[in-house]
Amino acid sequence: QVQLVESGGGLVQAGGTLRLSCAASGRTINNFAMGWFRQTPGKEREFVAAINWSGARTYYADSAKGRFTISRDSAKTTVYLQMNSLKPDDTAVYYCAGRYSTYGYYYTSGGQYDYWGQGTQVTVSS
């Protein structure tokens, strides 16, 4: 019932910065845990970052720690992924995901999410 739409992807040089946004419509995501995943052709979808419903708790894949930051703006029903020091290996389609959550948990598996965006392409050149 909730629809998620990613934006902010594009082409960037190695070492550069991008900020992805995930906007929700149709239903508030104030009580939704959210996550970011990425996928390249022929590979399984990979967890990147997660945030609980309040935004107080976050978790990152090892590949993202120290470079990426997930945050949320409940008033605007938007979740962000700030990506710094980008590497060519970060090239992928990035997806945001959400699930209703009455607890303060975050989730790191794609199977734990119920709603998905269509993805936004991130390409990092060397």
Side-chain angles (χ1 to χ4, degrees):
Q1 192 168 359
V2 62
Q3 183 174 345
L4 305 176
V5 180
E6 304 93 338
S7 63
L11 175 64
V12 65
Q13 293 181 330
T17 297
L18 284 174
R19 191 191 193 196
L20 306 183
S21 299
C22 176
S25 63
R27 182 180 177 181
T28 179
I29 57 172
N30 286 349
N31 294 318
F32 275 62
M34 303 292 294
W36 285 97
F37 295 77
R38 65 188 184 188
Q39 188 172 28
T40 57
K43 296 183 179 180
E44 297 294 323
R45 191 164 296 184
E46 176 189 14
F47 168 76
V48 177
I51 190 167
N52 78 323
W53 71 267
S54 71
R57 301 176 65 197
T58 60
Y59 188 79
Y60 300 91
D62 288 341
S63 60
K65 290 180 181 177
R67 299 189 300 126
F68 294 2
T69 302
I70 187 171
S71 61
R72 68 188 305 155
D73 183 347
S74 296
K76 297 181 178 180
T77 64
T78 304
V79 178
Y80 304 96
L81 184 67
Q82 178 70 40
M83 304 188 295
N84 300 326
S85 301
L86 283 163
K87 306 174 182 178
D89 197 48
D90 295 319
T91 296
V93 177
Y94 283 71
Y95 299 89
C96 67
R99 64 165 284 161
Y100 180 73
S101 178
T102 58
Y103 302 96
Y105 303 148
Y106 51 78
Y107 303 90
T108 61
S109 174
Q112 296 175 300
Y113 290 92
D114 302 308
Y115 303 97
W116 294 84
Q118 295 300 308
T120 184
Q121 177 70 49
V122 172
T123 302
V124 184
S125 62
S126 60

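Note that these values count all heavy atoms, side chains included, but never hydrogens, waters or copies made by symmetry. All of these numbers come straight from a predicted model, not from anything done at the bench.
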Identified side-chain contact (heavy atoms from CB on, under 4.5 Å) counterpart of Val122 within the set Leu20, Val93, Leu11, Leu81: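 One option only clears the test, and that one is Leu20.
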
Report the distance from atom [atom1] of [X] to atom [atom2] of [Y], rounding to the nearest 0.5 Å.
{"X": "Glu46", "Y": "Arg38", "atom1": "CD", "atom2": "CZ", "result": "4.5 Å"}
{"X": "Trp36", "Y": "Met83", "atom1": "CH2", "atom2": "CE", "result": "8.0 Å"}
{"X": "Trp53", "Y": "Tyr100", "atom1": "CH2", "atom2": "OH", "result": "10.0 Å"}
{"X": "Ser54", "Y": "Tyr106", "atom1": "OG", "atom2": "OH", "result": "12.5 Å"}
{"X": "Tyr107", "Y": "Asp114", "atom1": "OH", "atom2": "CG", "result": "10.0 Å"}
{"X": "Thr17", "Y": "Phe68", "atom1": "OG1", "atom2": "CZ", "result": "10.0 Å"}

What's the shortest heavy-atom distance between [X] and [Y], and which atoms?
{"X": "Thr120", "Y": "Gly9", "answer": "OG1-N, 3.2 Å"}
{"X": "Arg19", "Y": "Gln82", "answer": "CG-OE1, 3.4 Å"}
{"X": "Ala92", "Y": "Thr40", "answer": "CB-CG2, 3.7 Å"}
{"X": "Thr58", "Y": "Ile51", "answer": "CG2-CG1, 3.8 Å"}

Within a strict 4.5 Å, meaning less than it, do heavy atoms of the Met34 and Leu4 side chains meet?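 Sidechains of Leu4 and Met34: in contact.
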
Take atom CG in Asn31; do more than 12 heavy atoms of anything else shown fall under 6.0 Å from it?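 Count over threshold, so yes.
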
Between [X] (side chain only) and [Y] (backbone N and O only), is there a donor and an acceptor less than 3.5 Å apart?
{"X": "Gln13", "Y": "Ser125", "answer": "no"}
{"X": "Thr123", "Y": "Thr91", "answer": "no"}
{"X": "Tyr60", "Y": "Ile70", "answer": "yes"}
{"X": "Arg72", "Y": "Asn52", "answer": "yes"}
{"X": "Arg57", "Y": "Gly104", "answer": "yes"}
{"X": "Glu6", "Y": "Gln118", "answer": "yes"}

Quick one: sort the Phe37 and Phe47 rings into parallel, tilted or perpendicular, breaks at 30° and 60°.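 Perpendicular: the ring planes of Phe37 and Phe47 meet at over 60°.
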
Aromatic ring pairing Tyr95/Trp116, orientation class (parallel under 30°, perpendicular over 60°, tilted between):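 Plane angle over 60°, so perpendicular.
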
Please determine whether a side-chain nitrogen of the Lys or Arg among Lys87 and Asp90 lies less than 4.0 Å from a carboxylate oxygen of the Asp or Glu.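 Salt bridge: no.
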
Among all residues two or more places apart in sequence or in another chain, which pass the side chain to side chain contact (heavy atoms under 4.5 Å, CB included) test with Ser25?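 Testing Ser25 for side chain to side chain contact (heavy atoms under 4.5 Å, CB included), a comparison that skips the adjacent residues, returns Gln3.
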
Linked, directly or transitively: Val48 and Leu18 (ILVMFWY side chains, under 4.5 Å):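 Yes: a chain of side-chain contacts under 4.5 Å links Val48 to Leu18.
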
